[in-house]
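Down below is the structure, laid out as structure tokens.
What's counted below: heavy atoms across the whole structure, side chains too, no hydrogens, waters or symmetry copies.
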Amino acid sequence: MIPWKHLDTATIPHGGGELRLKQRGSEFSIMLGSNELMNSRLSGSEEALATMAAERLAARRHPRILIGGLGMGFTLRAALASFPDDAEIVVAELVPAVVTWAQGPMAEIFKGSLDDRRVSIELGDVDGVIRAGHRFDAILLDVDNGPEGLTHAGNDRLYSLEGLAAARGALTAGGLLAVWSQGPSSAFDRRLRQAGFAVDEARVRANKGRSGARHVIWFAKKS
């Protein structure tokens, strides 16, 4: 078996630890400690976060989309393929090195998506972008491992009742908050409803096949 090669290390702001980018052949992995945050072989649920949101907003003209977390770009690429040509897509990424990796060692995975005229990058916490007074038709959150799988304590605010209220306030009428999670959470489902959303929960395969792990995506509509 081909051994893993360590490519780079990046510090997460505000004491969040260190990310490590690794490569084995054509496969990439981003690690936080011993926890694998993402792997280039598993993209199904990250893509579904965008494609299923786009289906729910198909009637929107000139949609404005916020993606929380660049990761390996699977959600961004799916958003570019699923939303119309007049869409505006803002990606908030907390760790600048992740953008550098996307333009360097992982450029083949990103396939030029960061150069698309519809895309802009905001370096910083997605929670700050949400609270900055902008309005979006959809907010797609793929941050950490979901609301119950936190590896960075600062993300707890994003998924709190206060954070969900802020997200609801940043959405246009009928807008959509879509949240990816490694696993289910009845407590988070209740918080979404408490925050005033109409909630639909979907279970999606991680590897786009008929077997393997299922991840969870909540689609929360602002009524």
Problem set entry | Intermediate values then yes/no, side chain to side chain contact (heavy atoms under 4.5 Å, CB included), Gln103 and Phe110 | CA-CA 8 Å; Gln103 297 166 328; Phe110 278 81; over 6 Å; no

Exercise. When you look at Asp85 and Arg118, which way does the side chain to side chain contact (heavy atoms under 4.5 Å, CB included) test go after all the steps?
Worked result: CA-CA 8 Å; Asp85 290 341; Arg118 293 172 287 173; 4.0 Å; yes

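With a 6.0 Å radius and a threshold of 12 heavy atoms from other residues, nucleotides or ligands, Glu201 has its CD atom above the threshold.
Side-chain contact between Ser29 and Arg24: absent, with no pair of heavy atoms (C-beta onward) separated by less than 4.5 Å. Within the 4.5 Å cutoff, the side chain of Leu164 has heavy atoms near those of the Leu192 side chain. With a 4.5 Å cut-off on side-chain heavy atoms, Trp101 and Ile30 count as touching. Residues Leu19 and Leu21 fail the side-chain proximity criterion, which asks for heavy atoms closer than 4.5 Å. Counting heavy atoms from C-beta outward, Ile109 and Phe74 have side chains that approach closer than 4.5 Å. A heavy-atom distance below 4.5 Å is not found between the side chains of Asp142 and Leu140. The side-chain heavy atoms of Phe188 and Val216, taken from C-beta on, include no pair separated by under 4.5 Å. Counting only heavy atoms from C-beta outward, the side chains of Ile130 and Leu158 approach each other to under 4.5 Å.
A donor-acceptor pair is defined here as one N or O able to donate and one able to accept, closer than 3.5 Å; such a pair exists between the side chain of Asp137 and the backbone of Arg64. A side-chain donor-acceptor contact under 3.5 Å links Glu93 to the backbone of Leu70. Between the side chain of Arg168 and the backbone N or O of Phe197, no donor-acceptor pair lies under 3.5 Å.
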Just list the side-chain donor-acceptor pairs under 3.5 Å for residues 50-58, sequence neighbours left out, or say none.
{"unit_1": "Thr51", "atom_1": "OG1", "unit_2": "Glu47", "atom_2": "O", "d": "3.3"}
{"unit_1": "Arg56", "atom_1": "NH1", "unit_2": "Met52", "atom_2": "O", "d": "3.1"}
{"unit_1": "Arg56", "atom_1": "NH2", "unit_2": "Asp200", "atom_2": "OD2", "d": "2.7"}

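Between His215 and Ala206, the shortest heavy-atom distance links the atoms CE1-CB, 3.5 Å. Listed here is the closest heavy atom pair of Ala195 and Leu161: N-CD1, 3.9 Å. Contact detail for Arg191 and Pro147: the closest heavy-atom pair is NH2-CB, 4.3 Å. Considering all non-hydrogen atoms of both residues, Glu122 and Val90 come closest at CG-CG1, 3.6 Å. Across every non-hydrogen atom of Ser113 and Val119, the tightest pair is O-CG2, 3.7 Å.
Once rounded to the nearest 0.5 Å, the distance linking CG of Leu49 with OG1 of Thr75 reads 4.5 Å. Atom CD of Glu88 sits about 7.5 Å away from atom CZ of Phe136, to the nearest 0.5 Å.
Follow the hydrophobic side-chain contacts under 4.5 Å out from Ile121 and you reach Leu94 in the same cluster. Linking ILVMFWY residues whenever their side-chain heavy atoms come closer than 4.5 Å, directly or via other members, places Val91 and Leu123 in the same cluster.
Applying the salt bridge (charged side-chain N to carboxylate O under 4.0 Å, His left out) test to residues at least two apart or on different chains, none of the pairs has a partner in residues 3-23.
No hydrogens or angles considered: a donor-acceptor pair under 3.5 Å links the side chains of Ser45 and Trp180. Counting only N and O atoms by type, the side chains of Arg60 and Thr172 include a donor and acceptor under 3.5 Å apart.
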